[in-house]
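See structure below.
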Amino acid sequence: MRSFPSPWTNVYGLARTLVALATSGTLLWSGSDTLFRPSAGRDDIVGCDGLRSVGLFCHVPEQRLDVARLVCVAVLLVVASGWRPRWTALPHLWITYSVWANVAIPDGGDQIACNLAVLLALAALGDPRRWHWDDPPEERTGSVRSQVTAFACCSALFMAQLQMSFLYFQACVAKLPHTEWADGTAMWYWTNNLAFGAPGWLHPVVDFAVRQPLGVAALTWVPLFIELGLALALLLPRRFRLYLLVAGFLFHLSIALMMGLWSFAFAMWAGLVLLCLPLGAGLRAGPRARSLTPPGRPPAPAAAAR
């Protein structure tokens with residue numbers, strides 16, 4: 001038998017869906033005149049210098065960028081549905097890379113989505129299932145090829161875990177030298193920033209919280225503890241990783257609500273799923289089913305009959 005779990009579970013499938021939704025949201029809710037325009041150091045509306053020329057939008061006439069953008073959204077929605085991961089792996093990767101490489105002002109969410117799409121594509125190319133929500137395929141212990149393929153795909157997902165761990169470590173450590181983060185006042189400045197502050201409907205609540213010493217200190221320091229915990233997640237027992245998954249989800253939801261960075265949130269949620277859930281584990285549905293099937297065990301039935 002294999003000494004490593006099957007990588008093709010609905011956990012990795014959920015990560016693919018979230019990454020696809022992150023990029024499709026950027027393309028759907030941002031117009032072509034916003035995404036493609038001259039920017040600092042670039043006169044062309046589509047960035048096509050160097051390796052960026054591989055991007056899809058470099059091969060589309062300017063007057064067809066709207067059509068290309070909507071076609072990409074349609075393809076990404078197919079990816080998000082989970083249909084034929086092996087067939088959709090490379091289109092997903094190409095579109096995600098194109099958004100990061102060709103748009104005028106890519107953000108951190110675009111880069112994270114691109115990096116995850118590379119590693120998820122490597123895993124998806126070996127996925128034999130019709131849908132990435134299906135149960136893992138039966139093990140074929142007599143096939144060396146199947147074992148090598150599964151090992152390579154597990155390695156790609158493990159690299160995604162390492163990347164997310166380092167990302168959270170760097171995010172935490174990079175804040176520590178700054179006085180505002182050390183003394184617990186950083187969130188006062190962020191919430192009152194005209195570009196990234198809380199929206200009007202949320203501003204009264206946030207403003208009240210940051211005007212209290214304990215409130216602003218908690219809003220500043222709790223994210224640091226969450227980021228540090230997520231950086232160490234791979235070293236922690238499973239039950240603590242599940243708590244960190246919930247904390248990380250709420251953390252990025254709060255960023256999305258306050259700053260409007262929804263594509264960033266979806267990309268980070270995808271990374272959290274890969275980081276906090278064990279390789280080979282599967283999410284189960286149903287009132288009596290386990291929420292998480294441990295790797296190496298047969299999936300539990302959706303509901304247990306008495």
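Computed from heavy atoms alone, side chains included, the values below leave out hydrogens, waters and symmetry copies. This chain uses plain numbering: 1 for the first residue, then up along the sequence.
Residues Ala80 and Leu21 approach most closely at CB-CD2, 4.0 Å, considering heavy atoms. Across Leu157 and Ala123, no two heavy atoms sit closer than the pair CD2-CB, 3.9 Å. Smallest separation of non-hydrogen atoms from Leu116 and Gly271: CD1-N, 3.8 Å. Residues Val54 and His59 approach most closely at O-NE2, 4.1 Å, considering heavy atoms. Considering all non-hydrogen atoms of both residues, Met187 and Thr191 come closest at O-OG1, 2.8 Å. The shortest heavy-atom contact between Gly126 and Thr149 is CA-CG2, 3.9 Å.
Remark: Arg211 engages Asp207 in a salt bridge, criterion side-chain N to carboxylate O under 4.0 Å. Checked for salt-bridge contact, Lys175 and Glu227 meet the test: a charged N lies under 4.0 Å from a carboxylate O.
Tyr168 has its side chain within reach of Leu272: a pair of non-hydrogen atoms, C-beta onward, lies under 4.5 Å apart. Residues Trp100 and Thr96 are not in side-chain contact: their nearest non-hydrogen atoms beyond the backbone lie 4.5 Å or more apart. For the pair Ile45 and Pro38, the minimum side-chain heavy-atom distance is below 4.5 Å. Counting heavy atoms from C-beta on, the side chains of Leu27 and Leu70 never come closer than 4.5 Å. The shortest distance between side-chain heavy atoms of Cys153 and Tyr12 does not fall below 4.5 Å. Residues Leu90 and Leu125 meet the side-chain proximity criterion, which asks for heavy atoms closer than 4.5 Å. Residues Thr220 and Trp190 are not in side-chain contact: their nearest non-hydrogen atoms beyond the backbone lie 4.5 Å or more apart. A heavy-atom distance below 4.5 Å is found between the side chains of Phe158 and Leu279.
For Glu62, the CD atom is loosely surrounded, since the number of other residues' heavy atoms within 6.0 Å does not exceed 12. Other residues, nucleotides and ligands contribute only 12 or fewer heavy atoms inside 6.0 Å of the CE atom of Met159. The 12-atom threshold is exceeded at CG of Leu176, counting heavy atoms of other residues, nucleotides or ligands nearer than 6.0 Å. Around the CG atom of Leu235, the shell of radius 6.0 Å holds more than 12 heavy atoms that belong to other residues, nucleotides or ligands.
Ser165 contributes a side-chain N or O that, together with a main-chain N or O of Ala231, makes up a donor-acceptor pair within less than 3.5 Å. Checked by atom type and distance alone, the side chain of Ser24 never pairs as donor or acceptor with a backbone atom of Val73 at under 3.5 Å. With hydrogens and angles disregarded, a donor-acceptor distance shorter than 3.5 Å links the side chain of Ser254 to the backbone of Phe251. Arg52 places a side-chain N or O within donor-acceptor distance of the main-chain N or O of Ala101, the cut-off being under 3.5 Å. For the pair Asn102 (side chain) and Gly47 (backbone), a donor-acceptor distance under 3.5 Å is present. In this structure a side-chain-to-backbone donor-acceptor pair under 3.5 Å is present from Thr17 to Gly13. Judged by distance alone, the side chain of Gln111 and the main-chain N or O of Asp107 form no donor-acceptor pair under 3.5 Å. Not a single donor-acceptor pair under 3.5 Å links the side chain of Asp44 to the backbone N or O of Val46. The backbone N or O of Ala22 sits nowhere less than 3.5 Å from a side-chain atom of Ser263 that would complete a donor-acceptor pair.
Going from atom OG of Ser30 over to atom CG of Leu35 covers 5.0 Å, rounded to the nearest 0.5 Å. With values rounded to the nearest 0.5 angstrom, Trp188 atom CH2 is found 10.5 Å from Asn193 atom CG. With values rounded to the nearest 0.5 angstrom, Leu234 atom CG is found 6.5 Å from Leu162 atom CG. The CG atom of Leu219 sits 11.0 Å away from the CD atom of Gln212 when rounded to the nearest 0.5 Å. Annotation: the span from Thr9 atom OG1 to Asp134 atom CG amounts to 11.5 Å, rounded to 0.5 Å. Between the CG atom in Leu250 and the CD1 atom in Ile255 there is a gap of 11.5 Å [rounded to 0.5 Å].
No hydrogens or angles considered: nothing links the side chains of Ser81 and His132 as a donor-acceptor pair under 3.5 Å. Checked by atom type, the side-chain pair Thr88/Arg16 shows a donor-acceptor distance below 3.5 Å.
By the 30° and 60° cut-offs, the orientation of the rings of Trp131 relative to Trp83 is perpendicular. Ring geometry for Phe264 against His252 counts as perpendicular: the plane angle is over 60°, on a 0 to 90° scale with 30° as the lower cut. Classified by interplanar angle (parallel below 30°, tilted 30° to 60°, perpendicular above 60°), the ring pair Phe266/Trp269 is perpendicular.
The hydrophobic clustering, which links ILVMFWY residues whose side-chain heavy atoms are closer than 4.5 Å, places Phe225 and Phe169 apart. Residues Tyr189 and Trp181 share a single hydrophobic cluster, defined by chaining ILVMFWY side chains whose heavy atoms lie under 4.5 Å apart. Residue Leu274 is grouped with residue Leu18 when hydrophobic side chains (ILVMFWY) are merged at heavy-atom distances under 4.5 angstrom, including chains of intermediate members. In the hydrophobic clustering of this structure, Phe249 groups with Met164; members are Ile, Leu, Val, Met, Phe, Trp, Tyr whose side-chain heavy atoms approach within less than 4.5 Å, directly or through other members. No continuous path of hydrophobic side-chain contacts links Leu228 to Val173 [ILVMFWY only; heavy atoms under 4.5 Å].
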Mind running side chain to side chain contact (heavy atoms under 4.5 Å, CB included) on Thr185 and Thr179 for me, showing each step along the way? CA-CA 9 Å; Thr185 62; Thr179 303; over 6 Å; no

Stepwise side chain to side chain contact (heavy atoms under 4.5 Å, CB included) test for Leu119 and Asn115: CA-CA 7 Å; Leu119 297 169; Asn115 292 347; 5.9 Å; no

Hey, mind stepping through Thr23 and Asp110 against side chain to side chain contact (heavy atoms under 4.5 Å, CB included) and telling me if it holds? CA-CA 7 Å; Thr23 308; Asp110 299 324; 5.9 Å; no

Derivation and outcome, side chain to side chain contact (heavy atoms under 4.5 Å, CB included), residues Leu257 and Trp262: CA-CA 8 Å; Leu257 290 172; Trp262 285 99; 3.8 Å; yes

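Remark: aromatic rings of Tyr97 and Trp94 are distant, center separation not under 6.0 Å.
Cation-pi geometry between Arg86 and Trp8 is not met at under 6.0 angstrom from the ring centre and within 45 degrees of the axis.
Val19 pairs in a side-chain contact (heavy atoms from CB on, under 4.5 Å) with only one of the listed residues (Ile112, Val273, Leu120), which is Leu120.
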